[in-house]
2 protein chains.
Amino acid sequence: MMLNQQSPIPLYRQLATRISEDIEAGLHRVSEKIPSENELAQHFSIGRPTVRQATDLLVRQGKLERRRGSGTYVLPPTQSIDLFSLAGTSAALRKSELNARLELTATPKREKISFEGSELPSDYLRVERRTSVDDTPVLYETLWLSTDVFPDLEKHNLANQSLSALIRDVYFLEPSSADQTFFVICADDAQAKQLDTKTGTPLLRVYRQLHFGNNKHALHAEIVCLTDRFEFSQTLFPANAAQDTMNQPV
Amino acid sequence: MMLNQQSPIPLYRQLATRISEDIEAGLHRVSEKIPSENELAQHFSIGRPTVRQATDLLVRQGKLERRRGSGTYVLPPTQSIDLFSLAGTSAALRKSELNARLELTATPKREKISFEGSELPSDYLRVERRTSVDDTPVLYETLWLSTDVFPDLEKHNLANQSLSALIRDVYFLEPSSADQTFFVICADDAQAKQLDTKTGTPLLRVYRQLHFGNNKHALHAEIVCLTDRFEFSQTLFPANAAQDTMNQPV
DNA sequence: GCGGTCAAGTTGTCAATACAACTTTGCGCG
DNA sequence: CGCGCAAAGTTGTATTGACAACTTGACCGC
């Protein structure tokens, strides 16, 4: 299975995906080396810089580590954040995900709405969905997706697939960043009903904005949960102390 | 001032530093373009791929944004994270910080305690402090600092200086990462008193663990706040890039 | 068996070149 | 004046090629 030269997806991205899939399929084990850059270049009939672009991408995703003179190694699965959802990273939640069910709670519909920081009302597709674990509702989300950025989204099945995968595969877009703010709120009637709890129950509300390139208003999301049902946790790293630290000789 | 070809520092890193310094010196303004890749290559007598490596680095640091066909733009200064506290870096918070007061609410004392994931009880220094803005309490924090990692910490003045600066200057340590988990809780008597609210009031509780090198139990922190007094927000980036926390009183 | 050296292999840096895809600007026409 | 088109400019992708800096393994000598 070679790379598709005709695809609009750049070769280096196709290769990154391929390597990533090979890792997930167990072809390359954690702590072991993937084929060398020259081997990959030869095998896929592409240039070594193209291979490097692909491995660059995966290094930045924390999936690979390059050791000069030695090779490129598979790293343990990182605790990465999926910006589309609150799927956490703890081992406990991973277990819960096996029994997780995500369902739409209303038919997606268009509405014209203006978010803070955006002057004019714009068209959004409003999507409501709920995540349950073992039939206990743990998350209730409302998403507003810009119809300018994601045209004809309602034509796709939003219920049974990952929204991030859909947006990546259909629109070739990935979020560049997200802003989110935490609130403690009291459940209103709709929220209480969706989460199967009493009106007025204290909830964690997370308001999140996903940015795609320069578009700051592509996707807004409101997520509410009971923190004794859903553990919202994350790992933080200091800024500017990442894999790209400048090493100065003494 | 050209790049030093004889330096052991790669050209692309020298250029990245140069561009970064030019930005900080005001030579390139936020939202304005830096010279094009070809211009920089010509000016510094280097190849365009070398320029791209430099701008790649700065793009990944969030300092630059490249727009195809248009140019490379300076981004607003990023919000860097202070893992020790919820104090952020935004201009709005900077204003609030002028009126922010941090005080110890109890004399730091030692206690032997065992945190989850740690088998044996260890000695920690327990520090309680409260942050007020305009005399309104907005944050109540309890910190447990390992006496093994930070010996004789109580000998230092913990009230009137940044804890992160103290630990950096006295112990030469900086946190490598932090795990945090969010809970909605009801205020107990102590919390209600410190935050000047009623017992039972719903609060946001953030439990945070700072890691120093391989030490996962160096510092534990519990932070509680009312989200209508203190806005807990953050900017997330995909995958393993640096996480940014920005927090401000409302 | 251990230590040192060297060759082969691998990643890191850098270059010139080319074309694609996009943005911006200027000019001409209605 | 506004619109459309073309040219110029810019970033994005990809190639071939070269050398530097490092790692690893094999071989040899003690």
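Here is the naming used below: chain letters follow the sequence lines, and residue numbers restart at 1 for every chain. Side chains included, hydrogens not; waters and symmetry mates left out as well; all remaining heavy atoms used.
Not a single ring-ring contact (aromatic ring centres under 6.0 Å, His included) links Tyr73(B) to another residue, sequence neighbours left out. Listed by chain and residue number, nothing satisfies the salt bridge (Lys or Arg N to Asp or Glu O under 4.0 Å) test with Arg68(B) (two or more places apart in sequence, or in another chain). For Arg130(A), the salt bridge (Lys or Arg N to Asp or Glu O under 4.0 Å) partners are Glu103(A), not counting sequence neighbours. For Glu32(A), the side chain to side chain contact (heavy atoms under 4.5 Å, CB included) test picks out Arg29(A), with sequence neighbours left out.
Proximity of Leu58(A) to Ser20(A): side-chain heavy atoms (C-beta onward) are separated by under 4.5 Å at one or more points.
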What protein N or O atoms touch nucleotides 3-8 of chain C N or O atoms at under 3.5 angstrom, if any, and at what distances?
none

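Distance, Glu65(B) CD to dC22(C) C1': 15 Å, rounded to whole Å.
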Report task. Evaluate the salt bridge (charged side-chain N to carboxylate O under 4.0 Å, His left out) criterion for residues Glu111(A) and Lys109(A): first the C-alpha distance (whole Å), next the side-chain angles of each, then the deciding distance (0.1 Å), finally the verdict. Result -> CA-CA 7 Å; Glu111(A) 63 188 26; Lys109(A) 65 182 175 184; 5.2 Å; no
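In this pair, His220(B) and Tyr124(B) present their aromatic rings perpendicular. The plane angle is above 60°, beyond the 30 to 60° band.
Between Phe182(B) and Tyr207(B), the gap from one ring centroid to the other reaches at least 6.0 Å.
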Report summary line: For nucleotides 10-19 of chain D, 5' to 3', base contacts (B), sugar-phosphate-only contacts (S) and non-contacts (-) with protein non-hydrogen atoms under 4.0 Å give BBBBSBB-B-
